[in-house]
Amino acid sequence: MDGPDLEGRTVLVTGSAKGVGRELLLATADCGAQTAVHYHTSADAARDVAERARERGAAEAMTVQGDVTDPESVDGLFAAVESELGSIDVLVNNVGDFAPAHWEDLEFDTWNRVLETNLNGTYLCSKRALPAMRENGFGRIVNVGYASSEKGLVDPTNFPYFVAKAGVLMFTRMLAADTQDDGITVNAISPYVVENSAEFPDDLPRDRPASFADLVQPLYFFLDPDSDYISGENVEVDGGWLPEDV
């Protein structure tokens with residue numbers, strides 16, 4: 001698929017050593033961006049993704065380590081990218097742990113980790129990216145949510161994930177309003193079940209999970225120069241899933 005021209009733009013995708021983050025980052029490499037592959041512990045996988053990004057057209061590609069739940073670590077990872085590639089033009093907040101267990105069975109550390117990686121990580125990385133975006137008069141932030149989170153979707157299983165993703169979408173709308181005069185857009189992509197998901201329900205919309213390509217389409221739309229009036233929006237990539245129909 002044809003994407004926007006990202007030549008001269010620096011892209012950071014958090015959690016891009018594997019899964020959805022990897023595919024979103026490689027999609028920006030296809031558009032000629034300078035790419036920063038972020039990882040927490042998967043150094044070897046991140047190096048492989050950086051190499052693939054170069055092969056697919058990235059002007060430059062680097063790896064950067066950091067814990068998105070720690071303010072000092074976030075500052076360090078952004079500083080490393082800025083030192084090598086310049087200020088970040090496109091930030092995709094993809095990191096977010098998933099805990100598919102009943103809420104009473106979750107350890108407190110797991111509960112916190114799900115909330116912190118999904119919501120606090122999005123907050124910390126966005127906050128760190130904004131000063132340069134505002135100074136440059138340009139920025140694109142895309143957050144990864146979860147389908148139907150805006151409807152108050154809850155379940156005893158994986159409850160902190162639903163709470164965190166609802167917060168991510170609220171943060172997306174707030175930040176869009178707060179940056180409307182700065183040349184910055186802030187939007188969200190919210191999948192249901194993706195091809196690499198750990199669990200699959202018995203009845204999938206359209207008889208299949210979302211492919212990585214299905215997620216790339218809205219990413220390209222949000223990054224297109226002609227989409228500069230689109231901010232605060234959330235595209236649900238769920239195949240028409242209706243969680244109320246149970």
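Since this is a predicted model, take the numbers as computed values, not measurements.
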(message) I'd like to know whether OH of Tyr161 has more than 12 heavy-atom contacts from other residues, nucleotides or ligands below 6.0 angstrom.
(response) yes
(message) Is it the case that over 12 heavy atoms from other parts of the model lie below 6.0 angstrom from the CH2 atom of Trp103?
(response) no
(message) I'd like to know if Arg134 and Asp178 make a salt bridge, using a cut-off of under 4.0 Å between side-chain N and carboxylate O.
(response) yes
(message) Taking Leu124 as the starting point, is it possible to reach Val92 by hopping between hydrophobic residues whose side chains are less than 4.5 Å apart?
(response) no
(message) Are the side chains of Glu150 and Arg173 in contact, using a 4.5 Å heavy-atom criterion?
(response) yes
(message) Using a 3.5 Å distance criterion without hydrogens, assess whether the side chain of Thr28 forms a donor-acceptor pair with backbone atoms of Leu25.
(response) yes
(message) Using modelled atom types and a 3.5 Å cut-off, is there a donor and acceptor pairing between side-chain atoms of Asn187 and backbone atoms of Glu233?
(response) yes
(message) Please check: side-chain N/O of Asn94 versus main-chain N/O of Val13, any donor-acceptor pairing under 3.5 Å?
(response) no
(message) Does atom CE (Met170) have a neighbourhood of more than 12 heavy atoms from anything else shown, all under 6.0 Å?
(response) no
(request) Mind listing the closest non-hydrogen atom pair of Ser149 and Lys165 along with its distance? (result) OG-CB, 3.4 Å
(message) Hydrogens and angles aside, do Gln34 and Thr10 bring a side-chain donor and acceptor to less than 3.5 Å of each other?
(response) yes
(message) Could you see if Val114 belongs to whatever hydrophobic cluster contains Tyr146? Use Ile, Leu, Val, Met, Phe, Trp, Tyr and a side-chain cutoff under 4.5 Å.
(response) yes
(request) Could you tell me whether the side chain of Asn118 and the main chain of Asp97 form a donor-acceptor pair under 3.5 Å? (result) yes
(message) Under a 3.5 Å distance rule, please check whether His38 uses its side chain to pair with a backbone N or O of Gly66 as donor and acceptor.
(response) yes
(message) If you compare all heavy atoms of His40 against all heavy atoms of Gln65, which two are closest, and at what distance to 0.1 Å?
(response) O-NE2, 2.9 Å
(message) As an exercise, state the distance from CZ of Arg206 to CG of Asp238, rounded to the nearest 0.5 Å.
(response) 9.0 Å
(message) Check this for me: does any side-chain nitrogen of one of Glu55 and Arg52 sit under 4.0 Å from a carboxylate oxygen of the other?
(response) no
(message) Main chain of Val186, side chain of Ser231: is a donor-acceptor contact present, judged purely on distance under 3.5 Å?
(response) yes
(request) Consider only side-chain N and O atoms of Asn143 and Thr122, and report whether a donor and an acceptor are under 3.5 Å apart. (result) no
(message) Does any part of the side chain of Leu219, heavy atoms only, come nearer than 4.5 Å to the side chain of Leu223, both counted from C-beta?
(response) yes
(request) Output yes when Arg128 and Glu82 qualify as a salt bridge under the 4.0 Å nitrogen-oxygen rule, no when they do not. (result) yes
(request) Tell me yes or no: between the side chains of Asn234 and Thr172, is some donor less than 3.5 Å from an acceptor? (result) no
(request) Quick one: pull up CZ in Arg56 and OG1 in Thr35 and give me the separation to the nearest 0.5 Å. (result) 10.5 Å
(request) For Asn136 and Ser87, work out which heavy atoms get closest and say how close. (result) ND2-OG, 3.0 Å
(message) Show the nearest heavy-atom pair for residues Ser73 and Asp67, with the distance to one decimal.
(response) OG-N, 2.8 Å
(request) Mind listing the closest non-hydrogen atom pair of Ser126 and Leu175 along with its distance? (result) CB-CD2, 3.9 Å
(message) If you apply the rule side chain to side chain contact (heavy atoms under 4.5 Å, CB included), what do you find for Val216 with Asp30, and how did you get there?
(response) CA-CA 11 Å; Val216 170; Asp30 291 339; over 6 Å; no
(request) Just do the side chain to side chain contact (heavy atoms under 4.5 Å, CB included) check on Leu91 and Met133 with the steps written out, would you? (result) CA-CA 10 Å; Leu91 169 65; Met133 289 182 176; 4.2 Å; yes
(message) Give me the atom names and distance for the closest heavy-atom approach of Asp224 to Pro4.
(response) CA-CB, 3.9 Å
(request) Using atom types as modelled and distance alone, determine if a side-chain donor or acceptor of Gln180 lies under 3.5 Å from a backbone N or O of Ala177. (result) yes
(message) Between Asp214 and Arg208, does any NZ, NE, NH1 or NH2 come within less than 4.0 Å of an OD or OE carboxylate oxygen?
(response) yes
(request) Carefully, step by step, assess Phe212 and Leu26 under the rule side chain to side chain contact (heavy atoms under 4.5 Å, CB included). (result) CA-CA 11 Å; Phe212 293 133; Leu26 291 174; over 6 Å; no
